Protein chains: 2
Amino acid sequence: MTRTTNATSGKTSEARTRLLNTATRIFYTEGIHSVGIDRVIAEAQVTRATLYRHFSGKEDLVLAYLDQADRMMRGQLADAQAGTGSAVDAVRAVAKAITDGIRSQGFRGCAFLNAVAEYPDPTHPVHQAVLRHREWFLDTVTDLLARIGDTPADADARHLVMLRDGAMAAGCLFDPALIADTFLRGVEGIVQSRMQARTPVD
Amino acid sequence: MTRTTNATSGKTSEARTRLLNTATRIFYTEGIHSVGIDRVIAEAQVTRATLYRHFSGKEDLVLAYLDQADRMMRGQLADAQAGTGSAVDAVRAVAKAITDGIRSQGFRGCAFLNAVAEYPDPTHPVHQAVLRHREWFLDTVTDLLARIGDTPADADARHLVMLRDGAMAAGCLFDPALIADTFLRGVEGIVQSRMQARTPVD
DNA sequence: TCAACGAGACAGAACGTTCTCCCTCGCATG
DNA sequence: CATGCGAGGGAGAACGTTCTGTCTCGTTGA
């Protein structure tokens, strides 16, 4: 997580920004292992030395890529929830944000699921970054669902995350509109079942 | 899809079998792009020449790996359905086969979802092999669910496949027992809703 | 006799990484 | 104001390693 800043101003380097944005675009679109450093520095229009001035290596660049994606997603979820009155609306807004992503052009699945497929080793920093992100997401969804009804939200949250994972995985392998529709129906089912606020089954 | 057979007997070469089994194990466990053919030929205890005698290249080996996985999965599903009386039992048997896989040691997610994460190009043979496999699976699930109730099965089948994709993706990133439990609950919900056999909502 | 396989050298390319050299700003100090 | 210094960046050579793929030659066994 190298974060170089201009010595004088507090702004981050332009070259670093270009580098990270280019890496994000290429890694997300084409994968990580199949993309060499040469591709990134060429399309970012920087030199090799510049890359290694800002990042300790390719792995560091990958971690920065995932870190940026993580921040963006947290921001997206915060924005989606903002302005919603009820918890139900908040869940629906989050679900809509997800389907908007799936329907958007250039959608290539979940950056974290894609990354972890290339880093199966649980001890690898990239793998662990994915696990941290997923832990945050599950916790966030659990808190959100807990505000609907009075039953424990853990199982429903896992259910929703499972649907999301499936939707994100299949969104670029099948008709995105159908995937989005299926996901939204599933989420609505979870919401409806929680709104009845029955006592726990177990 | 090179398929070399011994000229005299109709049996496939032992070296080829060793090669393919080794490739299956390593590709599934560690990914594809991060594994060189040196690893495969070393652990399969064959020479480089033998590999290129049976496969035209690494890509061909990857395709054979996925082809074998596809055949195994079709066999698993057929076995799971065999001996089940009702369609409901068949669906439950398929679901159990899936959760058995998730709970099994060495589970690393869906071989096809993992592979497609490394081959995002839709025109690539590996990517297309994944799409063919997924098409078959969705069709199979659709036929299976159509035998329960009298409502159109397409939406429910997409729902079940989405749950499966999520379960397979998260099965090696979270507690497999909880993932399996969540998946089975979701499948049971689909089955129950179909058993009520109400008329189509649309 | 002939196909399958082992052993290993080899080529050519791509990989990530480090290196030197030079230029150009911005700014702090004399 | 002038000077100089250091950081950021460009250009590119070079490192050693690894990769896929091809090659020759010897051996085995049906």
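Letters A, B, ... mirror the listed sequences (proteins, then strands); counts begin at 1. Keep in mind it's a predicted model, so treat the numbers as computed, not measured.
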**Q** Sequence neighbours excluded, which residues qualify as ring-ring contact (aromatic ring centres under 6.0 Å, His included) partners of A:Tyr119?
**A**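 Residues passing ring-ring contact (aromatic ring centres under 6.0 Å, His included) with A:Tyr119: A:His33, A:His124.
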**Q** Quick one: ring-ring contact (aromatic ring centres under 6.0 Å, His included) partners of B:Phe183, sequence neighbours excluded?
**A**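 So B:Phe183 forms no ring-ring contact (aromatic ring centres under 6.0 Å, His included) with any residue.
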**Q** Which whole-number value in Å describes the distance from B:Leu19 CG to C:dA4 P?
**A**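 The answer, rounded to whole Å, is 15 Å.
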**Q** Not counting sequence neighbours, which residues clear side-chain contact (heavy atoms from CB on, under 4.5 Å) with B:Asp79? List them please.
**A**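 For B:Asp79, no residue satisfies side-chain contact (heavy atoms from CB on, under 4.5 Å) once neighbours in sequence are set aside.
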**Q** Using atom CZ of A:Phe55 as one end and atom P of D:dG8 as the other, report the distance to the nearest whole Å.
**A**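 So the CZ-P distance, A:Phe55 to D:dG8, works out to 13 Å.
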**Q** Would you say a side-chain N or O of A:Thr50 is under 4.0 Å from OP1 or OP2 of D:dG10?
**A**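 Yes.
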**Q** Using a strict threshold of under 4.0 Å (side-chain N to carboxylate O), is an ion pair present between A:Arg185 and A:Asp181?
**A**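 Answer for the salt bridge query: yes.
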**Q** Once salt bridge (Lys or Arg N to Asp or Glu O under 4.0 Å) is applied, do any residues pair with B:Glu30, and if so which ones, sequence neighbours excluded?
**A**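 Scan of B:Glu30 (salt bridge (Lys or Arg N to Asp or Glu O under 4.0 Å), adjacent residues dropped) gives B:Arg39.
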**Q** OP1 or OP2 of C:dG6 sitting under 4.0 Å from any side-chain N/O of B:Thr47?
**A**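 Answer yes for this pair, as a side-chain N or O of B:Thr47 is under 4.0 Å from OP1 or OP2.
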**Q** Measure from CZ on A:Arg16 to C1' on D:dG10 and round the result to the nearest Å.
**A**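 So the CZ-C1' distance, A:Arg16 to D:dG10, works out to 19 Å.
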**Q** Atom CD1 of B:Ile41 and atom P of C:dA7: how far apart are they, to the nearest Å?
**A**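 In whole Å, C:dA7 P lies 11 Å from B:Ile41 CD1.
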**Q** Which pairs with one or both residues in residues 105-117 of chain B pass side chain to side chain donor-acceptor pair (under 3.5 Å), sequence neighbours excluded?
**A**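 Found none.
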**Q** Tell me: CG of A:Leu61 to C1' of C:dG16, nearest whole Å?
**A**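 It is 12 Å, rounded to the nearest whole Å.
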**Q** Over how many whole Å does the gap from A:Leu51 atom CG to D:dG9 atom P extend?
**A**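 In whole Å, D:dG9 P and A:Leu51 CG are 11 Å from each other.
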**Q** Below 3.5 Å between N/O atoms, which protein atoms pair up with nucleotides 18-23 of chain D? Just atom names and distances, please.
**A**
residue, atom, partner, partner atom, Å
D:dT20, OP1, B:Ile37, N, 3.4
D:dT20, OP1, B:Lys58, NZ, 3.1
D:dT20, OP2, B:Ile37, N, 2.6
D:dG21, OP2, B:Tyr52, OH, 3.1
D:dG21, OP2, B:Lys58, N, 2.8
D:dG21, N7, B:Arg48, NH1, 3.4
D:dG21, O6, B:Arg48, NE, 3.1

